[in-house]
Amino acid sequence: MRYFFHFYKNKNILLGAQHSCFLKALKGSAFALVFLALLLGHPAVYAQTAETSGNTVNMEEVLRMARVNSLESFRAKRKYGASFWNYQSHKARLRPKLELETNPFSYRRSLTKRYNSEKNVDEYRSEESLNSYVGLRLRQNILPTGGSVSLQSNFNRLESFGENENKSFNSVPVRIGLNQPIMAFNALKWEHKIMPLDYERSKKSLIDDMQRINVQAIDYFFSWALAERRVQVAEEKVRSTAKHFEIGKKRYKLGTIERDDILNLELQLYEAKNRLLQRQKEKEQAVSRIGIYLRKENWEMKAPELPEQLPELIVDEDAAMLLVRDNNPEFLNFKIRRLEAEKSLDRAIKNNRFDLSLKASYGLNKQADNFGNVYSDFLDQELVSVNFSIPILDWGERKGNIKMARMNKEVADIDIEQQENQLHQDVRLKVSEFNMQAQLVQSARKSHEIAQASFEVTEKRFLSGNIDLLRLTSARQKQESSMEAYIQSLNRYWKLYYEVQQITLFDYARQESLSEDFDRLVR
């Protein structure tokens, strides 16, 4: 808070000269000693000596801690991490996959019903076998068509025990296969269109979330700053009201004020003490909230330093709109939603038409009684299969599904267009409000200066007996309300500053687009 009163210093020198002249005029009166005592406890003097410990925290430090320590920051980074690995999984689905499948041994022993041709009866026989299998498969998805091609090799050993002991081997050294749906919905192709956009949106969303954290941290910071200042004002009010009460008692003895004024001064003193307790409680709550948000302790020993130095910045609305269109994740979200609607329509059309698929494979195969012969003199192994299914009578179910999907797409298109227009309007209003807020801060600052000076003059006139207590109370209330209005206007300025930075994802201090070290977040 030490910067909060820097604009009073020259004025205090002037007031000091005025106080000196006034004391000379009062020399020899009964009020000179009392007035001097009041001057030593004057709020302007107190303001210059307050917050001199140097244990202050500025807004930039709070924002930095929020981006590093807050739970929202942790959540935003983990959300990006999940999106990153989802995108990596998608890219992996486009690459070949090599799989090993094995069953080292499968032992079976059971009684099985068999037909005895010699006796012409069914009978149960004991069967015992040991089977071993190993296979290797290389599979590749075909992105343009939605099919897949595979390359396989496997080996099988079967050994039977009991009455008919036997040992046999079977091998498929190589088999090439194709599985291709014809004119079917290609989910992989749509995924390949959407996933890169979704990943890019996740990166921009992380930057957007960090700026949203800045906005939240600013609210916590200024709530703390306002609570801190209210405590200072309440403490000063207790001191000054106590002095006024003491002065009033002496003036009452001299017969210059009435008893009701003394009672009102005493009532104000008790009210000031009660208000101080209330303000201290509010400060404890504000300190607790910002400490929990930043996950930091021992904030009770720190004081907030208001960011009163405003940047000389005017944001061009048209330039901001271009930045929003290029950087804001919402526009990527609109594009993804359009693709999702097209995807749903494409799925409805192709899944409600007919089913046609082709399966084909060619390979080599050999069966032998010993391992040495199983990999020689191979036999061909071919498979070609065409499957076709078409609805004959479905009472309009498939047609209805297609029409419903088309209408849903039209609704989505209109909804997205409306949201785009609303976002354009919100951006222009936000930028316009920010460009105006600096003037409102200067106006609030000037109003507080005037209210402060007015209270000081009113206080002098009250001490000299020229005005009543009601005027002094009114001047004090205006002084306090103008102080709060100034802090709130600063809060609004910096909140708007980071909100504009959030919607454009542009750092106006450095004149460059905001970015993050994405690689570090997923290491």
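For the single chain, residues carry numbers from 1 onward in sequence order.
Counting non-hydrogen atoms of neighbouring residues, nucleotides and ligands closer than 6.0 angstrom, the CD atom of Gln367 exceeds 12 such neighbours. Surrounding NZ of Lys189 are at most 12 heavy atoms belonging to other residues, nucleotides or ligands under 6.0 Å away. Within a 6.0 Å radius of NZ in Lys335, other residues, nucleotides and ligands contribute 12 heavy atoms or fewer. Within 6.0 Å of the OH atom in Tyr107, the count of heavy atoms belonging to other residues, nucleotides or ligands exceeds 12. By the 6.0 Å contact criterion, CD on Glu512 is enclosed, its count of non-hydrogen atoms from other residues, nucleotides or ligands being greater than 12. Atom CZ of Arg93 is surrounded by more than 12 heavy atoms from other residues, nucleotides or ligands within 6.0 Å. Lys403 NZ: 12 or fewer foreign heavy atoms inside a 6.0 Å radius. Counting heavy-atom neighbours within 6.0 Å of Gln418 CD, excluding the residue itself, gives a total of 12 or less.
Look at Asp318 and Arg428 and you find a salt bridge, because one of the NZ, NE, NH1 or NH2 atoms lies within 4.0 Å of a carboxylate O, short of that distance. Using a cut-off of 4.0 Å between Lys/Arg side-chain N and Asp/Glu carboxylate O, Glu228 and Lys283 are scored as salt-bridged. Salt bridge Lys79/Asp209: present, at least one basic N to carboxylate O contact under 4.0 Å. A salt bridge links Arg279 to Glu282: one of the charged nitrogens lies within less than 4.0 Å of a carboxylate oxygen. Under a 4.0 Å N-O distance rule, the pair Glu101/Arg137 does not qualify as a salt bridge. Between Lys343 and Glu191 there is no salt bridge, since no side-chain nitrogen of the basic residue lies less than 4.0 Å from a carboxylate oxygen of the acidic one. Salt bridge annotation for Asp208-Arg212: present, with a cationic side-chain nitrogen under 4.0 angstrom from a carboxylate oxygen.
Remark: Met65 CE to Ser70 OG distance equals 11.0 Å, nearest 0.5 Å. Rounding to the nearest 0.5 Å gives a distance of 10.0 Å between CD of Glu200 and OG of Ser83. Atom CD of residue Glu342 and atom CH2 of residue Trp190 lie 5.0 Å apart, to the nearest 0.5 angstrom. The distance from atom CZ of Arg201 to atom CG of Asn328, rounded to the nearest 0.5 Å, is 12.0 Å. Taking CE of Met210 as the start and CD of Gln501 as the end, the distance is 13.5 Å to the nearest 0.5 Å. Interatomic distance, Asn186 CG to Lys193 NZ, rounded to the nearest 0.5 Å: 9.5 Å.
Ring planes of Tyr87 and Tyr199: parallel class, angle under 30° (limits at 30 and 60°). Ring geometry for Tyr493 versus Tyr497: interplanar angle under 30°, hence parallel rather than tilted (30 to 60°).
No hydrogens or angles considered: nothing links the side chains of Asn131 and Arg157 as a donor-acceptor pair under 3.5 Å. Side chains of Gln419 and Arg337: a donor on one and an acceptor on the other come within 3.5 Å. A donor-acceptor pair shorter than 3.5 Å can be found between the side chains of Gln152 and Arg175. Side chains of Arg139 and Asn141: a donor on one and an acceptor on the other come within 3.5 Å. Between the side chains of Gln232 and Arg229, at least one donor N or O lies within less than 3.5 Å of an accepting N or O. In this structure, a donor-acceptor pair under 3.5 Å is present between the side chains of Gln422 and Asp426. Remark: the Ser361 side chain and the Glu382 side chain contain no N/O donor-acceptor pair separated by less than 3.5 Å.
Nearest heavy-atom pair across Arg398 and Arg353 is NH1-O, 3.1 Å. Among all heavy-atom pairs drawn from Glu61 and Asn58, the shortest one is N-OD1, 2.8 Å.
Phe518 pairs by the ring pair (Phe, Tyr, Trp, His ring centres under 6.0 Å) definition with Tyr80, not counting sequence neighbours. Residues passing the ring pair (Phe, Tyr, Trp, His ring centres under 6.0 Å) test with Tyr498, sequence neighbours excluded: none.
For the pair Thr504/Val315, no side-chain contact is recorded, criterion being any heavy-atom separation below 4.5 Å from C-beta on. A heavy-atom distance below 4.5 Å is found between the side chains of Asn170 and Asn365. Contact of the Glu159 side chain with the Asn166 side chain is not registered, since no non-hydrogen atoms from C-beta on lie closer than 4.5 Å.
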Would Ser150 and Gln140 satisfy side-chain hydrogen bond (donor to acceptor under 3.5 Å, both in side chains), going step by step from the backbone distance to the final call? CA-CA 6 Å; Ser150 63; Gln140 171 66 57; over 6 Å; no
Going through the distances and angles, do Lys359 and Val384 end up as a side-chain contact (heavy atoms from CB on, under 4.5 Å)? CA-CA 6 Å; Lys359 291 183 180 181; Val384 177; over 6 Å; no
Please evaluate residues Ile182 and Val386 with respect to the criterion side-chain contact (heavy atoms from CB on, under 4.5 Å), reporting the C-alpha separation (whole Å), side-chain torsions for both, the decisive distance (0.1 Å), and the verdict. CA-CA 10 Å; Ile182 308 298; Val386 177; over 6 Å; no
Let's go through Lys77 and Glu516 carefully: what are the C-alpha distance in whole Å and the side-chain angles of both, what is the deciding distance for salt bridge (charged side-chain N to carboxylate O under 4.0 Å, His left out) to 0.1 Å, and is it a yes or a no? CA-CA 10 Å; Lys77 293 171 184 176; Glu516 289 284 339; over 6 Å; no
For the pair Asn214 and Trp494, evaluate side-chain contact (heavy atoms from CB on, under 4.5 Å) and give the outcome as yes or no after the intermediate values. CA-CA 10 Å; Asn214 283 339; Trp494 287 109; over 6 Å; no
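With Ser132 contributing its side chain and Pro104 its backbone, the two residues share a donor-acceptor pair below 3.5 Å.
Exactly one residue among Glu308, His448, Lys446 makes a side-chain hydrogen bond (donor to acceptor under 3.5 Å, both in side chains) with Tyr486. That residue is Glu308.
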